Asks: 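Below are the structure tokens for one structure; questions will follow.
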Amino acid sequence: MKVLLIHHDGAGGGSTSGEAVAAALENAGWKVRRLDRKAADAKAIKSAGTDLIVIAGGDGTVAAVLAMLPDRSVPVGIIPTGTANNIARSLGIAGAPEAIVAGWDLDRRQRFDIGTAEGAWGRRAFAEGVGFGAFADSLRLAPRADGEEKFRTGREALRNALRIAAPVALEIHVEGRQAPGDLLLVEILNVPLAGPRLRLAPGADPGDGRLHVSCLGESARGAMERWLESGEDPRMPVEILTGHEVVVLGGGIMMRIDDECRWLKPDSKVSIRLECEPVQILAPPDRPALAGQPVRR
């Protein structure tokens with residue numbers, strides 16, 4: 001059977017190469033075609049005519065490829081080689097490439113929702129989440145780093161962004177319910193973890209068809225700064241709303257869509273929702289799966 005391996009060799013400091021992942025796949029009996037992340041787009045993926053797509057990389061690579069897949073009926077295997085690996089962790093995927101590949105069964109899959117953010121720029125698909133305010137600012141401020149240093153610098157960048165953050169000039173509507181005002185950050189998430197393994201949406205399930213809206217108010221600024229200093233309490237000082245669609249009104253601030261940051265113009269409208277058809281991710285042996293069932297909703 002044929003597998004298309006999309007890899008990013010620089011992820012996690014380059015400790016696991018595309019060549020090593022390809023070897024693990026070939027040893028398991030797969031016929032491998034490799035595609036570097038920089039060359040991967042919907043056209044190249046579609047033309048490969050593959051039985052399985054394997055993504056080897058960090059969160060940026062995994063999110064980008066999941067969001068661009070032209071055919072979501074083709075199963076996807078994830079081999080995390082980054083630093084945080086938030087998406088893989090949310091799916092229970094961890095370990096060496098050989099162990100992950102050995103645990104695959106093409107009939108055991110789990111849903112992974114794909115969202116879209118639509119604004120004046122058009123539509124942009126996302127896998128992880130959309131955010132506004134201090135956390136989006138911190139992604140631009142954090143220096144490049146790998147390993148534990150990346151977690152430290154990422155959290156430090158968020159602390160620095162929070163110290164100077166003003167409440168976002170936004171109205172957030174979650175299926176008609178308006179979120180609290182005076183928010184320093186808003187993260188609309190499909191997965192529980194974001195950035196340097198911040199558990200901003202602990203109850204999020206990437207296959208349940210719901211978005212989790214994590215809100216940090218002005219009154220909780222100090223509590224969040226203290227949490228980032230210690231990180232001992234697993235509960236973050238955020239308020240969480242859930243829903244299938246979120247509408248954001250306003251602007252004049254930085255926003256992110258997965259790891260892409262952009263300036264949101266004043267008086268903007270952004271509509272954020274999950275698409276009807278999820279991606280099908282191969283489930284690890286110890287996770288529930290939709291064995292032998294179609295995954296489309």
Side-chain angles (χ1 to χ4, degrees), residues 4 6 40-46 48-55 59 61-78 86-88 90-93 106-131 172-177 179 186-194 201 203-214 240-249 255-260 269-283 287-297:
L4 175 65
I6 303 172
D41 57 23
K43 183 177 180 180
I45 294 171
K46 186 175 182 178
T50 186
D51 300 302
L52 173 67
I53 295 168
V54 173
I55 311 170
D59 287 313
T61 296
V62 173
V65 175
L66 291 179
M68 73 170 68
L69 290 176
D71 182 357
R72 295 180 189 167
S73 68
V74 178
V76 176
I78 295 176
N86 292 326
I87 293 175
S90 73
L91 297 165
I93 300 171
L106 291 187
D107 290 328
R108 298 191 71 258
R109 310 177 189 182
Q110 53 187 323
R111 295 183 177 97
F112 190 97
D113 294 314
I114 299 297
T116 57
E118 186 170 2
W121 64 83
R123 298 180 72 209
R124 164 78 154 79
F126 67 88
E128 182 190 73
V130 177
I172 313 291
H173 299 270
V174 184
E175 294 189 347
R177 297 167 291 158
V186 180
E187 286 291 315
I188 302 160
L189 295 166
N190 185 40
V191 294
L193 298 161
D205 178 338
D208 67 359
R210 294 186 303 162
L211 292 164
H212 287 238
V213 184
S214 184
I240 297 175
L241 303 173
T242 62
H244 298 85
E245 183 174 2
V246 180
V247 176
V248 178
L249 304 174
M255 70 173 291
R256 75 170 185 104
I257 306 176
D258 283 343
D259 63 354
E260 175 194 331
K269 178 180 178 180
V270 183
S271 297
I272 302 159
R273 61 178 61 88
L274 294 174
E275 297 184 348
C276 293
E277 185 181 7
V279 175
Q280 304 183 33
I281 307 291
L282 295 186
R287 295 278 288 204
L290 302 172
Q293 299 180 27
V295 180
R296 295 191 180 189
R297 287 199 297 271

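All values below were derived from every heavy atom in this structure, side-chain atoms included, with hydrogens, water molecules and symmetry-related copies excluded. Counting from 1, the numbers follow the sequence of the chain as shown. Everything quoted here is computed from the prediction, not taken from an experiment.
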Asks: Is there a donor-acceptor pair closer than 3.5 Å between any side-chain N or O of Asp258 and the backbone N or O of Gly129?
Replies: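 Here the side-chain-to-backbone pair exists.
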Asks: Please report the shortest heavy-atom distance between Leu52 and Pro75, naming the atom on each side.
Replies: CD1-O, 3.3 Å
Asks: Could you grab the distance from atom CD of Glu128 to atom CG of Asn86, nearest 0.5 Å is fine?
Replies: 6.0 Å
Asks: Can you check whether Val186 reaches Val246 side chain to side chain, under 4.5 Å on heavy atoms?
Replies: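 No. Closest side-chain heavy atoms not under 4.5 Å.
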Asks: Do Ile45 and Val74 make a side-chain contact, defined as non-hydrogen atoms from C-beta onward lying under 4.5 Å apart?
Replies: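 The answer is no; the side chains never approach within 4.5 Å.
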Asks: Going from CZ on Arg108 to CD on Gln280, what distance comes out if it is rounded to the nearest 0.5 angstrom?
Replies: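 If we round to the nearest 0.5 Å, Arg108:CZ and Gln280:CD are 13.5 Å apart.
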Asks: How close do Leu91 and Arg111 get, heavy atom to heavy atom, and via which atoms?
Replies: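 Where Leu91 meets Arg111 most closely, the heavy atoms are CD2-O, 4.5 Å.
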Asks: What is the distance from atom CD of Glu187 to atom CD1 of Ile240, rounded to the nearest 0.5 Å?
Replies: 11.5 Å
Asks: Take Lys46 and Asp71, measure what side chain to side chain contact (heavy atoms under 4.5 Å, CB included) needs, and give me the verdict at the end.
Replies: CA-CA 7 Å; Lys46 186 175 182 178; Asp71 182 357; over 6 Å; no
Asks: Short question: side chain of Arg287, backbone of Leu282 - any donor-acceptor pair under 3.5 Å?
Replies: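 Checked: no pair found.
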Asks: Nearest heavy-atom pair of Ser90 and Pro192: which atoms, and what distance?
Replies: CB-CD, 3.6 Å
Asks: Measuring from Asn190:CG to His212:NE2, what's the distance to the nearest 0.5 Å?
Replies: 8.5 Å
Asks: Do Arg210 and Asp208 sit within salt-bridge range, that is, some charged N less than 4.0 Å from a carboxylate O?
Replies: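 Salt bridge between Arg210 and Asp208, a charged N being under 4.0 Å from a carboxylate O: yes.
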Asks: Apply the side chain to side chain contact (heavy atoms under 4.5 Å, CB included) test between Asp113 and each candidate in Val279, Leu274, Val191, Leu66; give the one that qualifies.
Replies: Leu274
Asks: Taking atom CD1 of Ile172 and atom CG of Leu241, what is their separation to the nearest 0.5 Å?
Replies: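 Going from CD1 on Ile172 over to CG on Leu241, the span is 10.0 Å.
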Asks: Got a second to check how far Phe112's CZ is from Ile78's CD1, nearest 0.5 Å?
Replies: 7.0 Å
Asks: Indicate the atoms forming the closest heavy-atom contact of Ile114 with Phe126, along with that distance.
Replies: CG2-O, 3.5 Å
Asks: Looking at every non-hydrogen atom in both residues, tell me the closest pair between Arg256 and Ala194 and how far apart they are.
Replies: NH2-CB, 4.1 Å
Asks: Can you see which heavy atom on Ala48 is nearest to which on Leu4, and at what distance?
Replies: CB-CD2, 3.8 Å
